[in-house]
Q: 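Questions regarding the structure given below will be posed in turn.
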Amino acid sequence: MRLGVVCGILAVLLSGAVAPAAAAPAGSEPVYDYASAIRETVWVDIGHDGDGDGRSDRVAADIVRPNGATSRVPVIMDASPYYSCCGRGNESELKSYDSAGKPVKFPLFYDNYFVPRGYAVVLVDLAGTNRSAGCADVGGASDVDSARKVVDWLNGRATGYSAKTGGSAVTAGWSTGNVGMIGKSYDGTIANGVAATGVAGLKTIVPISAISSWYDYYRSDGATFGFNPDGLAQTVEARNSGQNCAAQNQVLRQGATANGDYGPLWADRDYVRTAGNVRASVLLSHGVNDLNVKTIHFGQWWAGLNVEKKIWLSQTGHVDPFDYRRADWVDLLHRWFDHYLLGIDNGVQNGPQASVERQPDQWVDQSAYPAANAVATTLRPHSGGTLGTSAASGTASFTDNPNLGEDTWVTNPGSAALTYSTGALPSDVQVSGTTTLTVTATPSTSSARLSALLVDLGPATIRNFAGSGEGIKTGTAENCWGSSATGDDACYRIASADVKKVNYTILSRGWADLANYASLSQERVLTPGTAYAMTFRLASTDHVVPRGHALALIIGGTDGSFVRGPAQPGRVTLDLARTSASVPLAGVVPAATTHPAPAGGEHVPSAARADLR
């Protein structure tokens, strides 16, 4: 029996209290000394030669594990390209090493909190970054195998070495083989990719604001966001010990075609295609206002999973829950890893599947995501600007202006976009899930973009997700999560909600290139004056439009806040009888209305982000 459990029993006996008849199972306790933990690096052969030096690449796995453990221990792993170039967490922590190369600083609190509780923490440098050989391939096979092969090594199926080149073979005799992967952004993306291989030993993943398909990070149904994977590769390779990655970067540059087509490079980096292979449980977190890793990523990944899973959806942008709901998050992680890695039957997998932030710091639990009572509801735009469930007729046109973006469309669209509104709703309506928009559009030129918004028209107080902290303000006071040691403390600055009053909230966005109407893999030249039908997606969300507010659908051409314009912007005419949105709704939207919608007003300005940290 562990010391922490013994002490707990003694405390009950000495106090004279009677233990409850059905006490919850004890969780892991901090019984190991963190300061004396074993710290080491193992270089694992991943079977790729990304840098073309004629040798199989080895990735550096920095390990911190309990000293004096009498049995094997499970592993919490964060595989990242950012340990030397950009940093992890709200305080941009980097790895550090002593004069002999032994790891000292392990970014984030996972080591401080979990190593004393009988876990090992393994932080892997992806190929081509920090102390690993090879080159980054931005979500491709080398990136994924950088972590998958470490899982294999922890289970005795791959070879690790004591040095980056040469050295002697090293085994992981201290490991149970049970691995949980965690990480935000790129790190969480690698967790998704590894899970999609179905690798044995990976018991759970915790993807935070993570990508599920790299195509959807750089493109959207044929439209382009204006940045490409070779730029990210060069950033993370900047301190990679001198490997020459020019050839691999050229592969990325050529594979990411400028026209927005879905090709072989993107298919190789699309984990949604193989989500059915996932055997690990999933604890997912995402901000519904994340304009970096946009919310389509969590929606399509979640829908493809057939495993035990839970989800947190915050009002933030690209933010870790450690920085907006810290105590609850650490408690949930503790119970989650105890259950899936130590086998403790604590019931964490039971109960509500989703926790959603409705207003800043106000959370509600929900039995399922999407909401169990949400139904795909067809909403149609009507002449005169109304939005409802009844049939529509007629046509409407807009003139594409790539210099304008979403906030102008809401407040002063002019001729650049079309607005359709339900008018003031008689009761709350919840949008929960992923919306699709089907249009029949006739362009006046040979190229055209389409963009659409779902908007809650009405006053609210929201997290300032477009501010510098993406919905949080970081203070100077700290609190501590685990044990500290020289060079690696467990204390982090406390963040609070950064809020803003607005008169409307954009709750979902989508973009497309009409030239991809027939195929996402091959665009076609459009014939001016010809009608084309196309269906594209709007980002996943969970949002309640309150009674008295209006739900609006806005359709336009190039949303200049996010996507690049077409070669020849022109006029686009919609056939309203064949244009509709399928919106996952819980609640009733009128068949049609002539009531005016609440006026739009000040809103947080939006912009696409290309920083994947």
Q: Within the distance-only criterion (no hydrogens, no angle test), does the side chain of Lys310 pair as donor or acceptor with the backbone N or O of Pro352 below 3.5 angstrom?
A: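 Pair found, side chain donor or acceptor close to backbone of Pro352.
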Q: For the ring pair Tyr110 and Phe337, is the centre-to-centre distance below 6.0 Å?
A: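 For Tyr110 and Phe337, the ring centres are not under 6.0 Å apart.
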Q: Taking the side chain as every heavy atom from C-beta outward, state whether Asp57 and Ser132 have any pair of such atoms under 4.5 Å apart.
A: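 Answer no - side chains too far apart.
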Q: I'd like to know if the side chain of Glu91 and the backbone of Arg493 have a donor-acceptor N/O pair within less than 3.5 Å.
A: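 Yes, because the side chain of Glu91 sits within donor-acceptor range (under 3.5 Å) of the backbone of Arg493.
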Q: Apply side chain to side chain donor-acceptor pair (under 3.5 Å) to Tyr504 and Asp407, showing your working.
A: CA-CA 10 Å; Tyr504 65 90; Asp407 292 297; 2.8 Å; yes
Q: For Thr41, is there any backbone N or O sitting under 3.5 Å from a side-chain donor or acceptor partner on Asp62?
A: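 Such a contact is absent between Asp62 side chain and Thr41 backbone.
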Q: Can we say Asp145 and Arg148 salt-bridge, meaning some charged N sits less than 4.0 Å from an Asp/Glu carboxylate O?
A: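 Counted as a salt bridge, because a side-chain N and a carboxylate O are separated by less than 4.0 Å.
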Q: Taking the side chain as every heavy atom from C-beta outward, state whether Pro207 and Val282 have any pair of such atoms under 4.5 Å apart.
A: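 With C-beta onward as the side chain, the pair touches.
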Q: Is it the case that the side chains of Asp187 and Ser80 hold a donor-acceptor pair, with the cut-off being a distance below 3.5 Å and no angle test?
A: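 Indeed, the side chains of Ser80 and Asp187 share at least one donor-acceptor pair under 3.5 Å.
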Q: Side chains of Asn228 and Leu252, heavy atoms from C-beta outward: is any pair under 4.5 Å?
A: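 The answer is no; the side chains never approach within 4.5 Å.
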Q: Would you confirm whether Asn155, through its side chain, and Gly177, through its main-chain N or O, come within 3.5 Å as a donor-acceptor pair?
A: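 Flag set: sc Asn155 to bb Gly177 pair under 3.5 Å.
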Q: Got Tyr82 and Val236 here, is their nearest side-chain heavy-atom distance under 4.5 Å?
A: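 Yes - at least one pair of side-chain heavy atoms lies under 4.5 Å apart.
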Q: Side chain to side chain contact (heavy atoms under 4.5 Å, CB included) between Arg509 and Ser561: does it pass, once the steps are laid out?
A: CA-CA 11 Å; Arg509 305 161 173 84; Ser561 304; over 6 Å; no
Q: Go through the steps to decide whether Tyr369 and Ser540 satisfy the test side chain to side chain donor-acceptor pair (under 3.5 Å), and finish with yes or no.
A: CA-CA 11 Å; Tyr369 178 81; Ser540 310; 4.8 Å; no
Q: Is the backbone N or O of Asp290 less than 3.5 Å from a side-chain atom of His318, with the two atoms forming a donor-acceptor pair by type?
A: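 Pair absent, no side-chain N/O of His318 close to backbone of Asp290.
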Q: Relative to Tyr97, does Arg131 satisfy both conditions: NZ or CZ under 6.0 angstrom from the six-membered ring centre, and within 45 degrees of the ring's axis?
A: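 Judged by the rule (NZ or CZ under 6.0 Å from the ring centre, within 45° of its axis), Arg131 counts as positioned above Tyr97.
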Q: Determine whether the aromatic ring centres of Tyr217 and Phe227 lie less than 6.0 Å apart.
A: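 Yes: the rings meet the under 6.0 Å criterion.
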Q: Looking at Tyr340, I'd like to know if the NZ or CZ of Lys203 sits under 6.0 Å from its six-membered ring centre while staying within 45 degrees of the ring's axis.
A: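 Pair Lys203/Tyr340 does not count as cation-pi.
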Q: On a heavy-atom basis, which atom in Trp43 and which in Ala60 lie closest, and how many Å separate them?
A: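 Between these two residues, the closest heavy atoms are NE1-CB, 3.5 Å.
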Q: Any side-chain heavy-atom pair from Ile182 and Trp336 closer than 4.5 angstrom?
A: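 Of all side-chain heavy-atom pairs linking Trp336 with Ile182, none is under 4.5 Å.
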Q: Parallel, tilted or perpendicular for Trp174 and Trp153, by the 30°/60° rule?
A: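 Because their plane-to-plane angle is over 60°, the rings of Trp174 and Trp153 count as perpendicular.
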Q: Using ring centroids (six-membered ring only for Trp), state whether Tyr186 and Trp214 fall under 6.0 Å.
A: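 Ring centres of Tyr186 and Trp214 closer than 6.0 Å.
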Q: Would you say that Ile76 contacts Val206 through its side chain, given a criterion of any heavy-atom pair below 4.5 Å between the two side chains?
A: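 No, side chains not in contact.
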Q: Spell out, as yes or no, whether a donor-acceptor pair under 3.5 Å connects the side chain of Asp137 to the backbone of Ala141.
A: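 Yes.
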Q: For Gln430 and Asp542, what are the C-alpha separation, side-chain angles and deciding distance, and is it a side chain to side chain donor-acceptor pair (under 3.5 Å)?
A: CA-CA 7 Å; Gln430 182 180 0; Asp542 196 297; 2.9 Å; yes
Q: Between the side chains of Arg88 and Asp78, is the shortest nitrogen-to-carboxylate-oxygen separation below 4.0 Å, so that they form an ion pair?
A: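 No, no charged N to carboxylate O under 4.0 Å.
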Q: Does the side chain of Asp33 pick up a donor-acceptor pair with the side chain of Ser36 at under 3.5 Å?
A: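 The answer is yes; a qualifying pair exists.
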Q: Name the orientation class of the two ring planes belonging to Trp511 and Phe562 (parallel below 30°, tilted from 30 to 60°, perpendicular beyond 60°).
A: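 Rings of Trp511 and Phe562: tilted, as their planes differ by 30° to 60°.
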Q: Would you say the side chain of Glu470 lies within less than 4.5 Å of the side chain of Thr316, judging by non-hydrogen atoms?
A: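 A side-chain contact under 4.5 Å is absent here.
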Q: Look only at the side chain of Glu93 and the backbone of Leu108, and say whether a donor-acceptor pair between them is shorter than 3.5 Å.
A: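 Present.
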Q: Counting N and O atoms only, with roles assigned by atom type, does the side chain of Glu357 sit under 3.5 Å from a partner on the main chain of Gln315, one being a donor and the other an acceptor?
A: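 Confirmed, Glu357 side chain pairs with Gln315 backbone.
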Q: Flag this pair as yes if the NZ/CZ of Lys294 is under 6.0 angstrom from the six-membered ring centre of Phe225 and inside a 45 degree cone about the axis; otherwise no.
A: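 Output yes; distance and angle both within limits.
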Q: Is it the case that more than 12 heavy atoms not belonging to Asn350 sit under 6.0 Å from its CG atom?
A: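 Correct, the count exceeds 12.
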Q: Say whether, by atom type as modelled, one donor and one acceptor occur between the side chain of Arg358 and the main chain of Val364 under 3.5 angstrom.
A: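 Not a single qualifying donor-acceptor pair exists.
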Q: Test Leu507 against Val288 for side chain to side chain contact (heavy atoms under 4.5 Å, CB included), laying out the working first.
A: CA-CA 8 Å; Leu507 55 113; Val288 295; over 6 Å; no
Q: Run Thr434 and Ile296 through side chain to side chain contact (heavy atoms under 4.5 Å, CB included) and show every step you take.
A: CA-CA 8 Å; Thr434 303; Ile296 193 66; 3.8 Å; yes
Q: With a 4.0 Å cut-off on N to O distance, would you call Arg39 and Asp98 a salt bridge?
A: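 Salt bridge between Arg39 and Asp98, a charged N being under 4.0 Å from a carboxylate O: no.
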Q: Go through it in stages, so that I can follow the logic: the residues are His286 and Leu313, the test is side chain to side chain contact (heavy atoms under 4.5 Å, CB included), and I'd like the CA-CA distance, side-chain angles, deciding distance and then a yes or no.
A: CA-CA 5 Å; His286 215 107; Leu313 296 175; 4.2 Å; yes
Q: Do the side chains of Phe106 and Val115 get nearer than 4.5 Å, heavy atoms only?
A: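 Counting from C-beta outward, Val115 and Phe106 never come under 4.5 Å.
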Q: Show, in sequence, the C-alpha distance, side-chain angles and deciding distance for Asp365 and Ser355, and conclude whether the side chain to side chain donor-acceptor pair (under 3.5 Å) test is met.
A: CA-CA 4 Å; Asp365 288 339; Ser355 189; 3.2 Å; yes
Q: More than 12 non-hydrogen atoms from neighbouring residues, nucleotides or ligands closer than 6.0 Å to CZ on Arg273, yes or no?
A: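 Correct, the count exceeds 12.
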Q: Take the angle between the ring planes of Trp363 and Trp312 and call it parallel below 30°, perpendicular above 60°, tilted in between.
A: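 Rings of Trp363 and Trp312: tilted, 30 to 60°.
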Q: Could you tell me whether Asp361 and Arg463 make a salt bridge, using a distance below 4.0 angstrom between a side-chain N and a carboxylate O?
A: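 Arg463 and Asp361: salt-bridged.
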Q: Looking at Tyr492 and Asn90, would you say the former's side chain and the latter's main chain have a donor-acceptor pair under 3.5 Å?
A: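 Such a contact is absent between Tyr492 side chain and Asn90 backbone.
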Q: Could you tell me if Ser28 and Asp338 have a donor-acceptor pair between their side chains, going purely by distance under 3.5 Å?
A: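 Yes, side-chain donor-acceptor contact under 3.5 Å.
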Q: Closer than 4.0 angstrom, basic N to acidic O: yes or no for Asp216 and Arg219?
A: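 Judged by the 4.0 Å cut-off on N to carboxylate O distance, Asp216 and Arg219 do not form a salt bridge.
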